[in-house]
There are 2 protein chains.
Amino acid sequence: MRRLQYRLAATLAALLAGVLAFGAAGNRSPAPLRLSPDGRFKVALFADLHYGENAWTDWGPAQDAGSDRVMAAVLDAEKPDFVVYLGDLVTANNVPIPNATLYWDRATSPARRRGIPWATVFGNHDDMAFEWPMEWFSPDGVPPVHCPPSVSDCSFRGTPRVDLMMAEVDRDGGEQGLSRSSVGPEKLWPGVSNYVLQVLSREKEQDPALLMYFLDSGGGSYPEVISDAQVRWFQTQSQFLNPDGRIPELVFWHIPSTAYAKVAPRAKSKIRRPCVGSLNREGVAPQQAEWGMMDSLANRPSVKAIFVGHNHGLDWCCPYDKLWLCFARHTGHGGYGGWPRGSRIVEMSENPFSVESWIRMENGTTHSHIVLG
Amino acid sequence: MRRLQYRLAATLAALLAGVLAFGAAGNRSPAPLRLSPDGRFKVALFADLHYGENAWTDWGPAQDAGSDRVMAAVLDAEKPDFVVYLGDLVTANNVPIPNATLYWDRATSPARRRGIPWATVFGNHDDMAFEWPMEWFSPDGVPPVHCPPSVSDCSFRGTPRVDLMMAEVDRDGGEQGLSRSSVGPEKLWPGVSNYVLQVLSREKEQDPALLMYFLDSGGGSYPEVISDAQVRWFQTQSQFLNPDGRIPELVFWHIPSTAYAKVAPRAKSKIRRPCVGSLNREGVAPQQAEWGMMDSLANRPSVKAIFVGHNHGLDWCCPYDKLWLCFARHTGHGGYGGWPRGSRIVEMSENPFSVESWIRMENGTTHSHIVLG
């Protein structure tokens with residue numbers, strides 16, 4: 001009987017996942033994700049790519065080419081089953097064009113070109129309005145920028161989250177597409193990248209073996225926060241999809257919650273056990289408020305870890321209650337910080353169950369191996 | 001011969017003014033402004049009305065009603081020939097609707113209803129994006145806001161300057177309309193409220209007796225600055241319209257230039273001659289850079305005074321070289337500061353020539369009378 005209930009829940013969950021992925025942007029459901037034939041699922045996290053900085057200079061485009069190379073090196077070395085773009089794909093406050101989707105497309109192209117499915121969440125820079133440099137008002141004036149004929153279209157107010165996500169889903173979503181991203185429920189607005197993905201088992205073909213929750217941690221056009229409405233949505237979703245907590249769960253968003261600051265190694269000190277990592281060069285820059293998301297997650301033993309970006313100078317994992325709080329590794333050549341670039345890899349294995357993680361560097365080395373569950 | 005040249009220049013100037021007022025927004029030239037039959041021209045300055053604050057509360061709409069009353073009291077007491085709306089007509093960062101033109105219309109309605117022509121310039125709040133209150137992410141959630149069916153339209157990114165100005169000109173501009181505002185030359189973008197108005201003489205019917213320059217001092221969607229391009233535009237315009245400096249000139253923009261800080265009375269001290277005013281309750285909050293506008297103005301003896309708003313706690317005039325730097329008086333009940341509301345009045349007389357100014361309060365009193373030229 002319990003088994004039947006479980007099956008029923010799983011079927012409903014699959015239906016719901018279809019509805020979720022269906023979203024607001026199209027009528028096409030994406031193909032399901034599934035563990036690889038060896039019962040594993042490997043995810044590469046690309047954090048803080050910051051495409052589109054100072055396109056009117058030499059160094060901006062050169063920096064973007066550098067980010068292309070980092071992702072290529074990581075994908076070719078690790079051959080992951082999935083990519084998570086962990087926010088700040090673009091530095092929209094640096095993009096003097098009315099539509100930033102071309103930069104967004106470029107950020108996802110390394111996965112696209114290799115046929116690897118992916119998901120995206122928003123960071124605080126993705127929908128920011130253009131910040132006019134003061135020097136453009138000096139005698140040197142405004143350099144040539146891509147302004148359409150009408151001045152009215154040229155206020156560079158940033159591309160709204162929904163427009164960025166709809167463009168991605170329209171281009172790369174659906175049954176044949178590689179994007180598993182989704183415009184989340186309207187009731188969670190102004191947050192947009194709120195959705196759940198299931199990874200199906202190899203052993204029991206219709207059962208999910210892993211749930212991945214993606215949340216919009218705000219910033220840019222609204223405060224850096226996970227709202228009470230998002231907390232309630234997570235509770236409902238997780239209760240429905242995984243009522244008995246059998247399925248392991250991973251969570252992805254951009255800006256560390258205030259809990260990260262509580263467990264962080266002292267800024268710029270050596271990272272010691274139980275924390276694991278190589279980079280501890282700045283203080284945690286947390287969300288502006290905590291409306292209960294961390295309590296909800298800590299109360300679910302099925303949640304193994306949270307992954308965030310945002311702090312380019314941090315790459316550690318530290319325990320918090322029964323779950324792990326992990327930073328990704330700064331992947332992009334865009335954004336602040338000159339530390340060597342890389343990508344946090346997360347690998348889940350079905351039987352025996354495990355979740356492990358390490359950091360893959362652009363130069364081919366790996367480090368900071370850790371078992372997360 | 002000199003007289004003929006002057007006439008020719010004046011005719012060209014009138015044509016140019018038509019072209020300027022023609023602007024980007026319509027094919028209709030506004031009717032010319034002219035001194036009243038007694039050879040005078042009286043302008044009321046409405047500064048920092050800040051319509052649209054917290055429309056979802058009781059105090060926001062009550063505050064807007066207060067601003068309606070201040071303007072009505074001033075207009076009915078002074079019966080000016082013209083109104084200058086000196087920026088921050090709306091607090092766009094407080095307006096959770098995709099289009100702020102209804103608030104803008106309300107700000108201009110006291111002049112419209114009395115048949116008084118007007119001009120508007122932009123302040124730093126007019127095209128700001130909505131700033132989401134943190135409490136909207138708490139369990140109380142987002143209050144009912146005017147969000148259209150599609151989430152995409154609901155990012156509240158502020159109504160661009162051009163859209164606000166085009167809406168005003170479309171509604172109230174043209175030959176039959178009262179608005180003398182204009183979308184300025186595209187080459188001055190992102191500044192928009194850059195234009196010149198002429199007031200024709202009573203004595204010599206085709207000759208201008210006064211030139212009024214309106215400039216966009218930035219802020220909101222771009223830095224708080226008057227650009228080098230605006231400086232050059234002013235130089236070209238003033239040289240063309242008033243080559244021999246016979247016509248007195250007044251200048252209007254929103255944010256005080258750094259020169260204001262240089263001549264200001266010590267913050268919170270008594271205002272002493274040669275400065276004249278009643279309110280000196282804060283430090284000057286100047287533009288972020290000075291690209292030469294003040295030198296251009298100080299070099300023209302025909303320029304009698306500059307009028308700005310922005311600092312609600314200042315209402316003085318102080319001399320700077322041969323011209324006067326004046327603050328308006330905070331007119332709106334919106335925006336910071338609880339000082340009694342009023343309006344700076346500027347009156348020009350043709351023969352004998354004079355420019356005088358005083359402050360008219362909501363309660364019917366006047367004070368701070370000064371001769372500016």
Side-chain angles (χ1 to χ4, degrees), chain A residues 24-25 96 98 127-142 145 147 149-166 183-192 218 220-232 287-292, chain B residues 24-25 96 98 127-142 145 147 149-166 183-192 218 220-232 287-292:
Chain A
D127 74 349
M128 276 186 169
F130 183 63
E131 289 170 11
W132 289 77
M134 182 57 85
E135 57 266 29
W136 288 18
F137 298 88
S138 75
D140 292 342
V142 179
V145 291
C147 192
S150 157
V151 174
S152 175
D153 296 323
C154 221
S155 47
F156 304 157
R157 293 184 298 156
T159 312
R161 281 167 149 81
V162 172
D163 292 9
L164 287 168
M165 194 60 106
M166 298 264 269
V183 172
E186 289 199 18
K187 68 180 177 186
L188 303 184
W189 167 85
V192 167
S221 63
Y222 73 94
E224 300 182 343
V225 66
I226 291 176
S227 71
D228 177 76
Q230 286 172 291
V231 176
R232 283 182 281 116
Q287 296 167 25
Q288 293 168 247
E290 170 59 55
W291 288 114
Chain B
D127 74 348
M128 275 185 169
F130 183 63
E131 288 170 11
W132 289 77
M134 181 57 87
E135 57 267 29
W136 289 16
F137 298 88
S138 75
D140 293 340
V142 179
V145 290
C147 192
S150 157
V151 174
S152 177
D153 295 324
C154 221
S155 47
F156 304 158
R157 293 182 299 156
T159 312
R161 281 167 150 80
V162 171
D163 292 9
L164 288 168
M165 194 59 106
M166 299 263 269
V183 172
E186 290 199 17
K187 66 180 178 186
L188 303 184
W189 167 85
V192 168
S221 63
Y222 73 94
E224 301 183 342
V225 67
I226 292 177
S227 71
D228 176 78
Q230 286 171 291
V231 176
R232 283 182 281 113
Q287 295 167 23
Q288 293 168 248
E290 171 58 56
W291 288 114

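None of the values given here were measured: they were computed from a predicted structure. The chains referred to below are lettered A, B, ... by the order of the sequence lines, with proteins before strands, and numbering in each begins at 1.
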Subject >> Contacts of type side chain to side chain donor-acceptor pair (under 3.5 Å), residue A:S221, not counting sequence neighbours >> reply: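 If we apply the side chain to side chain donor-acceptor pair (under 3.5 Å) test to A:S221, skipping adjacent residues, the hits are A:D127.
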Original post:
Picking from B:I226, B:V225, B:D140, B:V142, which has the most non-hydrogen pairs under 4.5 angstrom with chain A?
Top reply: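 Ranked by contacts with chain A, first place is B:V225.
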Subject >> Closest-packed option against chain A by number of heavy-atom pairs under 4.5 Å, given B:P223, B:G292, B:G141, B:A289 >> reply: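 Of the options given, most contacts go to B:P223.
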**OP:** Identify, with sequence neighbours excluded, every residue that meets salt bridge (Lys or Arg N to Asp or Glu O under 4.0 Å) alongside A:R232.
**Re:**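 A:R232 satisfies salt bridge (Lys or Arg N to Asp or Glu O under 4.0 Å) with A:D228 only.
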Subject >> side chain to side chain contact (heavy atoms under 4.5 Å, CB included) involving B:A129 - partner list, sequence neighbours excluded >> reply: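 B:A129: no side chain to side chain contact (heavy atoms under 4.5 Å, CB included) contacts found.
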Original post:
For the atom pair OG (B:S155) and CH2 (A:W189), what is the distance rounded to the nearest 0.5 Å?
Top reply: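 One gets 9.0 Å once the value is rounded to the nearest 0.5 Å.
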Original post:
At what distance, to the nearest 0.5 angstrom, does CE of A:M165 lie from OG1 of A:T159?
Top reply: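 Atom-to-atom, A:M165:CE and A:T159:OG1 are 13.5 Å apart.
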Subject >> Within residues 130-137 of chain B, residues adjacent to chain A where the heavy-atom gap is under 4.5 Å >> reply: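 At a heavy-atom separation under 4.5 Å, chain A is reached by B:F130, B:W132, B:M134, B:F137.
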Original post:
Can you tell me if A:E224 uses its side chain to pair, donor with acceptor, with the backbone of A:Q288 under 3.5 Å?
Top reply: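 Flag not set: sc A:E224 to bb A:Q288 has no pair under 3.5 Å.
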**OP:** Considering only heavy atoms and a distance below 4.5 Å, find which of A:G158, A:A229, A:G218 pairs most often with chain B.
**Re:**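 Answer, by heavy-atom pair count under 4.5 Å with chain B: A:G158.
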Subject >> A:P190 versus A:Y222, closest heavy-atom pair with distance >> reply: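 Looking at all heavy atoms of both residues, the shortest contact is O-CE2, 3.4 Å.
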